[in-house]
Amino acid sequence: MILEMVRANGAVSLRELARVVQTSEVTVRRDVRALEAEGLLDRRHGGAVLPGGFTRESGFPQKSHLATAEKTAIADLAAGLVEEGEAIVVGAGTTTQELARRLARVPGLTVVTNSLLVAQALAHANRVEVVMTGGTLRGSNYALVGSGAEQSLQGLRVSKAFLSGSGLTAERGLSTSNMLSASVDRALVQAAAEVVVLADHSKLGTDTMFQTVPTDVITRLVTDESPGHDDRAATELQALADQGVQIAVAGASGGGTANGTGASGAPGGDSVGRQQRRDVPLPGPRRQVPGAAGAGLRSATALGEQGGGAERARVADMRRR
């Protein structure tokens, strides 16, 4: 029965499996582990999916039930990166949908998106302007794709792009299972000065068919705290940091999921940044950011976040060199 449900839906949460087979999640988790050992399915955090991440993408109904607590924590933290009056792009996905719900309280915000779910979350936010791309509707994830979507993004320039995907590795960056979605995500990235990837720890170390954002283009990763036994996620995080990706971990300091919106000027915005964010240091050189003073310098925004006289002195010394 478990196999039939996974094959029919592409992905199913442990909670739903337990409800249908009328047993506990502990029992279902044990059965899923045994089926994975036989190569019949793949485990994901909070659920099971078809084997072989390169072949099939799960639809929105299945994705919406996976890692819901993690997506909420990530969205809370990511919202704190958005300031009043900014113009941003937000891609399609269940995590970006959670982010959009929190952005509804940011005054003067302009959001460009190809996601009907993101637009719906912001539809009644009277202080937020929503700009939809053109394109053809892809029903599995309620996103606009194709040449119409890509052409509508030409000439656009915004401060940040918030994207999700099916997998993230240090070697290849962000990837997805659908060619059309990947193409539109690449167009969204071209429009932004900074790229912020939202990915829960179950996606770390997972590689899928179509690359959307190479690692050297990713400015920041917002993720959740992985279980202590998840060595793959920890290894991937370190590898991403080694390549210069700024990493913020939701819930890393034991604060759990914050209640504030996390947006600048919104209730709870500052507390989210202090209680939940753990920035992994950048041990290696970073690619040159447009407008930066030198090839090894990070953006002014990133330096402002680091703060401190020692950091400013180090930057001044690098500039003199």
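Remember, predicted model here, so these are calculated numbers, not experimental data.
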Which atom of Thr206 lies closest to which atom of Ser166, heavy atoms considered: CG2-O, 4.0 Å
Minimum heavy-atom distance between Ala149 and Ser152, given as atom pair plus value: O-OG, 2.7 Å
Hydrogens and angles aside, do Thr208 and Ser175 bring a side-chain donor and acceptor to less than 3.5 Å of each other? yes
Within this structure, what is the CG-NZ distance for the pair Leu81 and Lys160, rounded to the nearest 0.5 Å? 6.5 Å
In the single-linkage hydrophobic clustering (I, L, V, M, F, W, Y; side-chain heavy atoms under 4.5 Å), do Val21 and Val26 co-cluster? no
Can you measure from CG (Asp185) to CG (Leu163) and round to the nearest 0.5 angstrom? 5.0 Å
If we only count heavy atoms from C-beta on, is the Glu194 to Arg220 side-chain gap below 4.5 Å? no
Does a side-chain heavy-atom distance below 4.5 Å link Ser177 with Met209? no
Please give me the minimum heavy-atom distance between Ala100 and Ala121, naming the atom from each residue. CB-CB, 3.8 Å
Using a distance-only test with no angle check, is there a side-chain donor-acceptor pair under 3.5 angstrom linking Ser159 and Glu86? yes
Not counting sequence neighbours, which residues clear salt bridge (charged side-chain N to carboxylate O under 4.0 Å, His left out) with Glu36? List them please. Arg43
Side chains of Ile247 and Leu237: does their closest heavy-atom pair fall under 4.5 Å? yes
Please determine which of Ile218, Leu174, Val195 meets the side-chain contact (heavy atoms from CB on, under 4.5 Å) test together with Val189. Val195
For Leu99 and Leu103, run side chain to side chain contact (heavy atoms under 4.5 Å, CB included): C-alpha distance rounded to whole Å, both residues' side-chain angles, the deciding distance at 0.1 Å, then the answer. CA-CA 6 Å; Leu99 170 64; Leu103 297 180; 3.9 Å; yes
Counting C-beta onward and ignoring hydrogens, is there a side-chain heavy-atom pair between Leu35 and Leu3 closer than 4.5 Å? yes
Minimal non-hydrogen separation, Arg232 against Gly205, with atom names: NH1-O, 4.0 Å
Distance, nearest 0.5 Å, that separates OG1 of Thr169 from CG of Leu240: 7.5 Å
Does any part of the side chain of Leu221, heavy atoms only, come nearer than 4.5 Å to the side chain of Leu204, both counted from C-beta? yes
Report yes if the side chains of Thr110 and Val131 come closer than 4.5 Å at any heavy-atom pair, otherwise no. yes
When rounded to the nearest 0.5 angstrom, what is the spacing between CZ in Arg127 and CG in Leu109? 10.5 Å
Would you check, one step at a time, whether the test side chain to side chain contact (heavy atoms under 4.5 Å, CB included) holds for Phe162 with Val197? CA-CA 6 Å; Phe162 291 86; Val197 171; over 6 Å; no
Looking only at atom types and distance, does a side-chain atom of Asn114 sit under 3.5 Å from a main-chain N or O of Ala143, one as donor and one as acceptor? no
Could you tell me whether the side chain of Thr94 reaches within less than 4.5 Å of the side chain of Lys71, counting heavy atoms only? yes
For the residue pair Thr96 and Leu198, establish whether any side-chain heavy-atom pair is separated by less than 4.5 Å. yes
Check: Arg19 side chain, Leu14 main-chain N or O, donor-acceptor pair, under 3.5 Å: no
Candidate list Thr113, Val145, Leu144, test side-chain contact (heavy atoms from CB on, under 4.5 Å), partner Thr133, passing option: Leu144
Listed by chain and number, what are the side chain to side chain contact (heavy atoms under 4.5 Å, CB included) partners of Leu156, not counting sequence neighbours? Val89, Val112, Leu153, Val158, Ala191
Flag, side chain of Thr215 to backbone of Ala170, donor-acceptor distance under 3.5 Å: yes
I'd like to know if the side chain of Thr223 pairs up with that of Lys203 as donor and acceptor (distance under 3.5 Å, no hydrogens or angles considered). no
Minimum heavy-atom distance between Ala250 and Ala73, given as atom pair plus value: CB-O, 3.5 Å
Using 0.5 Å steps for rounding, measure from the CE atom of Met179 to the OG1 atom of Thr212. 14.5 Å
Determine whether Val249 and Asp224 satisfy the following criterion, side chain to side chain contact (heavy atoms under 4.5 Å, CB included), listing intermediate values before the conclusion. CA-CA 5 Å; Val249 181; Asp224 65 297; 5.7 Å; no
May I ask you to decide if Phe210's main-chain N or O and Thr176's side chain share a donor-acceptor pair within less than 3.5 Å? no
CD on Glu171 to CD on Gln211, rounded to 0.5 Å: 10.0 Å
Applying side chain to side chain donor-acceptor pair (under 3.5 Å) to Glu98 and not counting sequence neighbours gives Arg101, Arg102
Side chains of Ser202 and Asp200: is there a donor and an acceptor less than 3.5 Å apart? yes
On a heavy-atom basis, the closest approach of Ala248 and Leu77 is CB-CD2, 3.9 Å
Is a donor from one side chain sitting under 3.5 angstrom from an acceptor on the other, for Arg138 and Ser181? yes
Is it true that Glu150 and Ser183 share a donor-acceptor pair across their side chains at a distance under 3.5 Å? yes
Show, in sequence, the C-alpha distance, side-chain angles and deciding distance for Leu41 and Val32, and conclude whether the side chain to side chain contact (heavy atoms under 4.5 Å, CB included) test is met. CA-CA 8 Å; Leu41 51 73; Val32 166; 3.7 Å; yes
